[in-house]
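These notes are about the structure you will find just below.
Here, residue 1 is the first one in the sequence, and each next residue gets the next number.
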Amino acid sequence: MHASAEQLVAGCAFNDEIHKLPSGKETGFPKGVYRYKSQEEANAHWDEALILGIVRAVKKYGR
């Protein structure tokens, strides 16, 4: 809830550890610029891309 240098350092360390995972540098989000008619449409795209990324990672790296 409150920003601090310690929290920034912890967040950076967490991010670095995530990138060390086998699928840490991959996402399900294709590059591009997206425009949505509604927040619901944007949320649906986010959910779909996230799920596809997880599915790809499981197929590639196993559970």
To the nearest 0.5 Å, atom CG of L50 lies from atom CG of N43 at 12.0 Å

Please identify each residue that fulfils side-chain contact (heavy atoms from CB on, under 4.5 Å) with Y36, with sequence neighbours left out. Y34, E41, A42, H45

Would you say F29 ends up clustered with V58 if hydrophobic residues are merged whenever their side chains have heavy atoms under 4.5 Å apart, either directly or through other cluster members? yes

Hey, could you give me the OH/CZ distance between Y61 and R56, rounded to the nearest 0.5 Å? 12.0 Å

For residues 5-22, which side-chain donor-acceptor pairs fall under 3.5 Å, sequence neighbours excluded?
| residue | atom | partner | partner atom | Å |
| --- | --- | --- | --- | --- |
| E17 | OE2 | K20 | NZ | 3.0 |
| H19 | ND1 | N15 | O | 2.8 |

